**Q** 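Here it is: the structure, laid out below.
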Amino acid sequence: MLLLNGSGCLDALTAPDVARSLDAFVTKTITPLPRDGNPPVRIAETEQGMLNAIGLANPGRDRFLDGVLPRLRQLGMPLWVSVGGFSADQYAETCAALDGVTIELNLSCPNVDEAPESAAEIVAACRSATDLPLYAKLSPATWDVAETARAVEASGADGLSLVNTIRGLALDGRTLRPTLERGAGGYSGPALKPIALAAVYACAQATSLPIVGMGGVRTGQDALELIAAGASAVALGTVLFGDPDAPTRVRA
């Protein structure tokens, strides 16, 4: 079992010792142009988790490649770069500019407008642009996530990241208005774990891809349950979770 951070949950340059305690570090999502993100309020606590509407705030592709990525390489550990965009071409252009990393395609951020192309079309464009490993990060906000998993596998994905946050809303107790300025945001925390378990279980049955499991993980038991959900998806005695060395992500 390999442990990774969730994208956006750790700044490795601020806390390098924490980053080095993991098996690989996953960057915050990078977009072609710099983004300030959504206006505050952007984070709201709830009884069972947290809502965020950060909006992919990041320095942009050029500053990341020229300044941030060289510093991250000095950590001396495997790096995963989370790639975002607003069209398949934007995703592919960023992938083509990377080397020596694993790429996680953020195909499911609930806090920005999505690319018009399907997840499979984006993966296909990125596959044409790079030979680097491609992991497709999928949303649980679909009735049949396994169908999407099969589609991205057919388009050239090397693995799956399951799951991203799911859209949720919190109301201010005094005004009964949305707490977040944007309104809805991405919901994470303990209540996300059953959703993540269901997605891992379904996709492990549907594909042969290695799966990075995340969502509601607070303890080693939580991480073990994600592994067990994948390993329980068996057919004719064959575990369909994928490569036994495939990472399982712990996300606080």
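Since this is a predicted model, take the numbers as computed values, not measurements.
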**Q** With a 3.5 Å distance limit and no angle check, can you tell me whether Arg182 reaches the backbone of Ala53 through a side-chain donor-acceptor pair?
**A** no
**Q** For residues Ser161 and Glu104, is any side-chain donor paired with an opposing acceptor at under 3.5 Å?
**A** yes
**Q** In the structure I gave you, are the side-chain heavy atoms of Arg167 and Ser139 within less than 4.5 Å of one another anywhere?
**A**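 Not touching, per the 4.5 Å side-chain cut-off.
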**Q** Partners of Asp11 by side chain to side chain donor-acceptor pair (under 3.5 Å), sequence neighbours excluded?
**A** Thr14
**Q** Going by the rule side chain to side chain donor-acceptor pair (under 3.5 Å), which residues pair with Thr29 if we only count those two or more places apart in sequence or in a different chain?
**A**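 Result, side chain to side chain donor-acceptor pair (under 3.5 Å) vs Thr29: Ser82, Asn106.
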**Q** What are the two closest non-hydrogen atoms of Ala149 and Cys203, and how far apart are they?
**A** CB-SG, 3.6 Å
**Q** Inspect the surroundings of CZ in Arg150 and state if more than 12 heavy atoms from other residues, nucleotides or ligands are less than 6.0 Å away.
**A** yes
**Q** Flag the pair Leu107 / Leu138 as yes when at least one side-chain heavy-atom distance between them is below 4.5 Å, and no otherwise.
**A** yes
**Q** Ignoring hydrogens and angles, tell me if any N or O in the side chain of Arg63 forms a donor-acceptor pair with the backbone of Asp66 under 3.5 Å.
**A**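 Between the backbone of Asp66 and the side chain of Arg63 there is no qualifying donor-acceptor contact (under 3.5 Å).
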**Q** Given the rule that I, L, V, M, F, W and Y join up when any side-chain heavy atoms are under 4.5 Å apart, are Leu56 and Leu33 in one cluster?
**A** no
**Q** Check whether any side-chain heavy atom of Thr27 sits under 4.5 Å from a side-chain heavy atom of Val101, and report yes or no.
**A** no
**Q** Quick one: do Leu13 and Ile54 end up in the same hydrophobic cluster if we chain Ile, Leu, Val, Met, Phe, Trp and Tyr together by side-chain heavy atoms under 4.5 Å apart?
**A** no
**Q** Can a donor-acceptor pair be found between the side chains of Glu147 and Thr142 at a distance below 3.5 Å?
**A**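 Result is no, nothing qualifies.
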**Q** Can Leu192 be reached from Leu10 by stepping across I, L, V, M, F, W or Y side chains whose heavy atoms are under 4.5 Å apart?
**A** yes
**Q** About how many Å separate CG of Asp89 and OG1 of Thr94, when rounded to the nearest 0.5 Å?
**A** 11.0 Å
**Q** On a heavy-atom basis, which atom in Phe86 and which in Tyr91 lie closest, and how many Å separate them?
**A** N-CE1, 4.5 Å
**Q** Give me the atom names and distance for the closest heavy-atom approach of Ile211 to Val200.
**A**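 Heavy-atom minimum between the residues: CD1-O, 3.9 Å.
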**Q** Please check: side-chain N/O of Asp23 versus main-chain N/O of Leu3, any donor-acceptor pairing under 3.5 Å?
**A** yes
**Q** Nearest 0.5 Å please: distance from the CZ atom of Phe25 over to the CG atom of Leu4.
**A** 10.0 Å
**Q** Applying side-chain hydrogen bond (donor to acceptor under 3.5 Å, both in side chains), which residue pairs with at least one partner in residues 31-46 are found, sequence neighbours left out?
**A**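 Non-adjacent pairs meeting side-chain hydrogen bond (donor to acceptor under 3.5 Å, both in side chains): Thr31-Asn58.
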**Q** First locate atom CG of Leu51, then atom CD1 of Ile43, and finally report the distance between them rounded to the nearest 0.5 Å.
**A** 10.0 Å
**Q** Following the transitive rule for hydrophobic clusters with a side-chain heavy-atom cut-off under 4.5 Å over Ile, Leu, Val, Met, Phe, Trp and Tyr, establish whether Val145 and Ile195 coincide in one cluster.
**A** yes
**Q** Please list every donor-acceptor pair under 3.5 Å in which a side-chain atom of residues 168-177 meets a protein atom from a residue at least two apart or in another chain.
**A**
| from | atom 1 | to | atom 2 | distance (Å) |
| --- | --- | --- | --- | --- |
| Asp172 | OD1 | Arg174 | N | 2.8 |
| Asp172 | OD1 | Thr175 | N | 3.0 |
| Thr175 | OG1 | Arg177 | N | 3.2 |

**Q** Is there a side-chain contact between Pro133 and Trp80, using heavy atoms and a 4.5 Å cut-off?
**A**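 Heavy-atom side-chain distance check fails, nothing below 4.5 Å.
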**Q** Rounded at 0.5 Å granularity, tell me how far SG in Cys126 sits from CD in Glu93.
**A**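 Interatomic distance, Cys126 SG to Glu93 CD, rounded to 0.5 Å: 10.0 Å.
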**Q** Indicate yes or no: at least one non-hydrogen side-chain atom of Leu98 is less than 4.5 angstrom from one of Val83.
**A** yes
**Q** Are Leu22 and Leu2 packed together at the side-chain level, in the sense that at least one heavy-atom pair is separated by less than 4.5 angstrom?
**A**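 The answer is no; the side chains never approach within 4.5 Å.
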**Q** Should the heavy atoms of other residues, nucleotides or ligands under 6.0 Å from CZ of Arg20 be counted, would the total exceed 12?
**A** yes
**Q** Using the rule that two of Ile, Leu, Val, Met, Phe, Trp, Tyr join whenever any of their side-chain heavy atoms come within less than 4.5 Å, decide whether Met77 and Leu69 are in one cluster.
**A**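 Looking at the clustering, Leu69 is in the same group as Met77.
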**Q** For the pair Glu181 (side chain) and Pro39 (backbone), establish whether a donor and an acceptor sit closer than 3.5 Å, ignoring hydrogens and angles.
**A** no
**Q** Within the 4.5 Å heavy-atom criterion, are Val152 and Arg127 side-chain neighbours or not?
**A**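 With C-beta onward as the side chain, the pair stays apart.
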**Q** Taking all non-hydrogen atoms of both residues into account, name the closest pair between Thr165 and Gly186 and its distance.
**A** OG1-CA, 3.4 Å
**Q** Are side-chain heavy atoms of Leu132 and Cys95 found at a separation under 4.5 Å?
**A** no
**Q** For Arg73, give me all partners under salt bridge (Lys or Arg N to Asp or Glu O under 4.0 Å), at least two apart in sequence or on another chain.
**A** Asp99
**Q** What heavy-atom pair brings Ser7 and Val26 nearest, and what distance separates the two atoms?
**A**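 Closest pair (atom of Ser7, atom of Val26, distance): CB-CG1, 3.9 Å.
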**Q** Side chain to side chain donor-acceptor pair (under 3.5 Å) with Lys193: which residues, sequence neighbours excluded?
**A**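 Side chain to side chain donor-acceptor pair (under 3.5 Å) check on Lys193 returns Asp222, Glu225.
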**Q** Distance-only, no hydrogens or angles: does the Lys137 side chain make a donor-acceptor pair with backbone N or O of Ser108 under 3.5 Å?
**A** no
**Q** Could you report the tightest heavy-atom contact between Ala19 and Leu75, atom names first, then the distance?
**A**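 So the minimum-distance heavy-atom pair works out to CB-CD1, 4.5 Å.
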